[in-house]
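Take a look at the structure set out below.
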2 protein chains.
Amino acid sequence: MARYAHVPGPTIRRLSLYLRELEGLLAEGRETVSSKQLGQALRVTDAQVRKDLAYFGQLGRPGVGYPVDPLIREVRGILGTDRLWPAVLVGAGNLGRALAAYRGFARRGFEIVAVFDSDPAVVGQGLGTAGELTVLPMSQLPQVVRSGDIRIGIIAVPAPAAQSVAEQMLDAGIRALLNFAPAGLDVPPRVPVVSADLAIHLEQLAFQVAELAP
Amino acid sequence: MARYAHVPGPTIRRLSLYLRELEGLLAEGRETVSSKQLGQALRVTDAQVRKDLAYFGQLGRPGVGYPVDPLIREVRGILGTDRLWPAVLVGAGNLGRALAAYRGFARRGFEIVAVFDSDPAVVGQGLGTAGELTVLPMSQLPQVVRSGDIRIGIIAVPAPAAQSVAEQMLDAGIRALLNFAPAGLDVPPRVPVVSADLAIHLEQLAFQVAELAP
DNA sequence: CTATGTGAACAGCTTCACAGCG
DNA sequence: CGCTGTGAAGCTGTTCACATAG
C-alpha cells in the first residue's frame with residue numbers, strides 16, 4: 001500500500017498527538033480549532049500544524065480553522081484507527097497484567113483478545129478489567145492468531161525472553177510488534193516494531209534534568 | 001548547565017539504545033565493539049554511530065573499535081544515569097502498581113521511593129516488588145519530595161487528573177515529569193516532560209501495519 | 001480581519017568518503 | 001589493513017512569508 005510514503009515520520013508521530021488533543025476539544029464541545037491553538041497545546045508552531053495536516057488534503061477553512069469532528073475522522077482514517085484492532089499479549093507478569101486491564105487501549109481502538117505465558121504456574125489465571133481473559137499456554141498462540149486474523153503482538157516479558165517470543169509471534173502470523181521488553185529485537189526489516197522500553201523514557205528524562213541549572 | 005546543548009536530539013535518544021546494547025555485550029563478555037556491529041543491532045549506519053559517539057570525545061580506537069566497559073561508563077555519565085535517581089509516583093491503579101513493582105527501573109538507575117494516590121481506599125496499601133512501599137495520601141507529597149530532594153515525578157493517573165497532578169508535583173518541588181496519562185500537560189517550558197502514552201505507541205504501530213501490503 | 005495552504009529559505013540531521021592512527 | 005574521526009555533500013524536516021479564501 002504505502003499510501004502515505006511521502007509523509008515525514010515526525011508528522012505521523014504528531015498526528016497521534018493532534019488526535020488526542022482533538023478528542024479533548026470534542027469532549028468540550030468545540031466545533032473548530034485553529035492551527036495556532038492546536039500548536040500551542042502541542043508546543044509546535046502553527047505553520048507546522050498546517051504543513052502536517054496539508055499532507056492529507058485541504059482539511060481546514062481559511063478564516064475559520066479546522067472542523068474538530070471531521071478532522072478527528074480524517075486523522076483516524078490516516079492512522080488506521082477507524083476500526084478495532086485485535087492484539088495478543090505475551091507475558092502475564094506485573095506489566096502484562098496491567099496492560100491487559102488497561103481501559104485506554106479499547107478507548108483508542110485496540111483490544112487485547114488473548115494473553116499468553118510460558119510459565120505453567122500462571123496459565124489459567126484470570127486477567128483483564130474484570131477477569132474476562134484467561135492466561136493461555138504459548139502452544140495455543142498460532143491457533144488464536146490465525147483464527148482471529150490478529151496482526152498486532154505485544155511483548156511484555158523479561159528482556160532475555162523477548163527475542164524468542166518475537167520469533168514465536170512472527171511464526172504464528174503476527175505482522176507487527178509492540179515491545180515493552182528492554183531489549184532490541186532482531187526481526188526481518190519489513191516487520192514494524194515499536195519499542196516502549198519504560199526505563200529508556202526515564203533515561204531521557206534524567207538527561208534533561210541533568211542539563212538544567214541546579 | 002547545558003553541557004551538551006549542541007548535540008542533536010536524535011543522538012541523545014540513540015544513546016539510550018547504544019547503552020542497552022552495550023550492557024548486553026558486556027554480559028556476553030565482549031571487550032570491544034565496532035561502529036558497524038553496534039549499528040547493525042540498532043539498524044543505523046556505522047557512520048551514524050561514529051558521529052554520535054564523536055560528539056562526546058575520542059571514545060574509540062582506530063583499527064580496534066570501542067571498548068565496551070569504558071564506553072558504558074561514558075554514556076552513563078552523559079545521560080546522567082551514573083547515579084541513582086529517586087522518583088515519586090502518583091497513581092496506584094493497575095499501571096501504577098506495575099510500575100512500582102518493575103525491577104527494570106532499579107537496574108537502570110531509578111528508584112521509586114514513594115507512591116501517592118488521592119483515593120482514600122487505596123492509601124495504606126502495600127506496593128512494590130515485595131510490598132515495601134505503602135501508598136501515601138497526596139497531602140504528604142511536598143514533604144517527601146523536599147526531604148528526599150526528589151526531582152523526577154511519574155504520573156500514572158487517568159487523563160482527567162493528569163494536569164492537576166502535574167501541578168501538585170511541580171508545587172511540591174518536582175523538576176521533571178514522566179507522564180503515562182493519555183493527555184498533554186500544560187507546564188512551564190523549562191520543565192522537562194517525557195510522554196509515555198501507551199495507546200499512542202499502538203497507534204503508530206497501526207499506521208505502519210496499515211501501510212503494509214495486505 | 002482571520003486563518004489556511006504553500007513555495008522558498010533555512011536549519012538540522014545523515015551519509016559519504018577519506019585522511020590518519022593502531 | 002581495519003576502523004575511527006570528521007569535513008563536505010546531500011537530504012529531510014521546519015519556519016517564513018505571503019497569496020488567497022472566508
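Computed from heavy atoms alone, side chains included, the values below leave out hydrogens, waters and symmetry copies. Order of the sequence lines fixes the chain letters, A, B, ..., with proteins taken first and strands second; residue numbering starts at 1 for each chain.
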Length of the line joining [X]:[atom1] and [N]:[atom2], which is rounded to integer Å:
| X | N | atom1 | atom2 | value |
| --- | --- | --- | --- | --- |
| Leu53(B) | dT14(C) | CG | C1' | 15 Å |
| Leu59(B) | dC21(C) | CG | C1' | 16 Å |
| Leu38(A) | dA3(C) | CG | C1' | 13 Å |
| Arg61(B) | dG20(C) | CZ | C1' | 15 Å |
| Asp46(A) | dT4(C) | CG | C1' | 10 Å |

Does [X] place a side-chain N or O at less than 4.0 Å from the phosphate oxygens OP1/OP2 of [N]?
| X | N | value |
| --- | --- | --- |
| Tyr66(B) | dG5(D) | yes |
| Gln37(A) | dA3(C) | no |
| Ser35(A) | dT4(C) | yes |
| Gln58(B) | dC21(C) | no |

Over 60° means perpendicular and under 30° means parallel, so classify the ring planes of Phe180(B) and His201(A), tilted if in between. perpendicular
Give me the ring orientation class for Phe207(B) and Tyr4(A): parallel if the planes are under 30° apart, tilted from 30 to 60°, perpendicular past 60°. parallel
Output the distance between atom CG (Leu79(B)) and atom CD1 (Ile12(B)), rounded to the nearest 0.5 Å.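 The CG atom of Leu79(B) sits 7.0 Å away from the CD1 atom of Ile12(B).
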Does Arg73(A) pair with Asp82(A) as a salt bridge, N-O distance under 4.0 Å?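 A salt bridge is absent here (no side-chain N lies under 4.0 Å from a carboxylate O).
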Are the side chains of Glu23(A) and Arg107(A) in touch, meaning some heavy atoms are under 4.5 Å apart?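 When only atoms from C-beta onward are counted, Arg107(A) and Glu23(A) do not touch, as no gap falls below 4.5 Å.
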Crowding at CZ, Arg43(A) (>12 non-hydrogen neighbours, <6.0 Å):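 Count over threshold, so yes.
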Output one letter per nucleotide in nucleotides 12-20 of chain D: B when a protein non-hydrogen atom lies under 4.0 Å from the base, S when only the sugar-phosphate is that close, - when neither is. -SSBBB---
